[in-house]
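Data first, discussion second: the structure below is written as structure tokens.
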Amino acid sequence: MSSESTPAPPRASESALRVVWLYPDLMSTYGDRGNLLILTHRAVARGVAVEAFEVRSDEKIPEQADIYLIGGGEDGPQTLAAKRLAADGALGRAVELGSVIFAVCAGYQVMGTSFVAKGDRCAGIALLDVHSDRGETRAVGELAGQVDPALGLPALTGFENHGGRTHVGSDARPLARVTAGIGNDGHTEGAYRGTVLGTYCHGPALARNPALADLLLRWATGAGELAELDATWTGRLRAERLAAVPRS
Ligand code: GLN
């Protein structure tokens with residue numbers, strides 16, 4: 001296992017879980033790379049070896065990975081990332097083969113059909129039926145929500161910092177109902193369809209929401225259940241952050 005920046009090998013390893021951290025040069029705000037560290041930790045703790053790769057935006061994306069992670073970014077880098085992801089094309093093929101994508105904030109917007117950056121409407125890569133425009137104010141602060149019961153997860157917690165507002169189409173489901181903050185539009189937060197999941201939560205999201213990390217691991221490995229891990233510190237973090245927002 002390596003969490004260092006490593007050139008992606010041409011072929012998938014048979015045994016290890018392959019996790020790709022996409023475009024760290026463009027899309028990695030607010031410590032979102034921590035999602036890679038958390039996923040790696042929680043897989044290795046269950047005896048699942050991980051090969052972690054960081055793929056910069058001028059590199060080809062490997063198609064054989066099990067999980068792709070992408071973080072937030074400012075409007076300029078986000079627009080460039082969308083163009084390069086579209087030109088590369090690997091993510092769409094990987095999703096067809098069952099790969100998992102976890103996308104945060106600008107990365108989430110890019111997974112949709114379109115978004116607005118610096119006043120221009122830009123094409124997303126359309127792996128999620130969502131589109132984004134801009135809100136009248138920037139959404140900044142704590143974000144919390146009740147996750148879609150179909151996913152069987154506890155409350156979602158994170159922090160948000162975005163100007164975009166996102167509209168979930170009929171071919172995707174909102175990830176959560178907002179109880180604090182704005183998320184997509186003040187009512188719902190994030191979206192998912194199949195194994196593609198997007199959220200506005202930074203934190204990093206998977207540090208604050210270890211059950212969400214485990215959901216991604218279960219999707220990627222096909223495991224029905226994963227062994228419990230010590231939740232002392234994750235529990236404290238969650239309790240502190242969830243206590244910091246008013247409940248609704
Ligand atoms: N540029 C996007 C917006 O402002 C996303 C910002 C981010 O990723 N934090 O909506």
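On a predicted model such as this, the values are computed, not experimentally measured, just so you know. Numbering of ligands and ligand atoms starts at 1, following listing order.
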| message | Looking at ligand 1, would R138 count as a contact under a 4.0 Å heavy-atom criterion? | response |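 Yes, R138 has heavy atoms under 4.0 Å from ligand 1.
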
| query | Has M27 got any heavy atom lying under 4.0 angstrom from an atom of ligand 1? | reply |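 No, M27 has no heavy atom closer than 4.0 Å to ligand 1.
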
Got the closest protein heavy atom to [atom], with its distance?
atom                    : result
atom 3 (C) of ligand 1  : G163 N, 3.4 Å
atom 7 (C) of ligand 1  : C105 SG, 2.9 Å
atom 10 (O) of ligand 1 : G164 N, 2.8 Å

Based purely on interatomic distance, does [X] place a nitrogen or oxygen under 3.5 Å from a nitrogen or oxygen of ligand 1?
X    : result
A106 : yes
G72  : no
Q109 : yes
G73  : yes
N161 : yes

| said: Under the side-chain contact (heavy atoms from CB on, under 4.5 Å) test against M111, which residue among V130, L91, V95, L197 passes? | reply: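 It is L91, the one option of V130, L91, V95, L197 that forms the side-chain contact (heavy atoms from CB on, under 4.5 Å) with M111.
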
| L215, L156, N35 screened by side-chain contact (heavy atoms from CB on, under 4.5 Å) with N209, the one that passes |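 It is L156; the other options fail the test.
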
[X] and ligand 1 - part of the residue with a heavy-atom distance under 4.0 Å:
X   : result
D75 : both
Q78 : side chain
Y30 : side chain

| message | Distance under 4.0 Å to a non-hydrogen atom of R134: what atoms of ligand 1 satisfy this? | response |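 Selected atoms, number and element: 3 (C), 4 (O), 10 (O).
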
| What atoms of ligand 1 come closer than 4.0 angstrom to any heavy atom of H202? |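 Every atom of ligand 1 under 4.0 Å from some heavy atom of H202: 9 (N).
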
Have [X] and [Y] got a donor and an acceptor in their side chains that come within less than 3.5 Å?
X    : Y    : answer
E189 : T199 : yes
Y108 : N184 : yes
R208 : T157 : yes
Q109 : Y200 : yes

| request: State which residues pass ring-ring contact (aromatic ring centres under 6.0 Å, His included) with H202; sequence neighbours excluded, sorted by chain then number. | output: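 Per chain and number, H202 pairs via ring-ring contact (aromatic ring centres under 6.0 Å, His included) with Y30, F159.
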
| task | Quick one: closest heavy-atom pair of N161 and C105, and the distance? | result |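 Answer, listing the atom of N161 first, then C105: O-SG, 4.0 Å.
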
| Under 6.0 Å from the CZ atom of R46, do we count more than 12 heavy atoms belonging to anything else shown? |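 More than 12 within 6.0 Å, yes.
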
| request: Begin from the C-alpha positions of F115 and Q78 and carry the test side chain to side chain contact (heavy atoms under 4.5 Å, CB included) through to its verdict. | output: CA-CA 10 Å; F115 59 90; Q78 175 178 350; 3.3 Å; yes

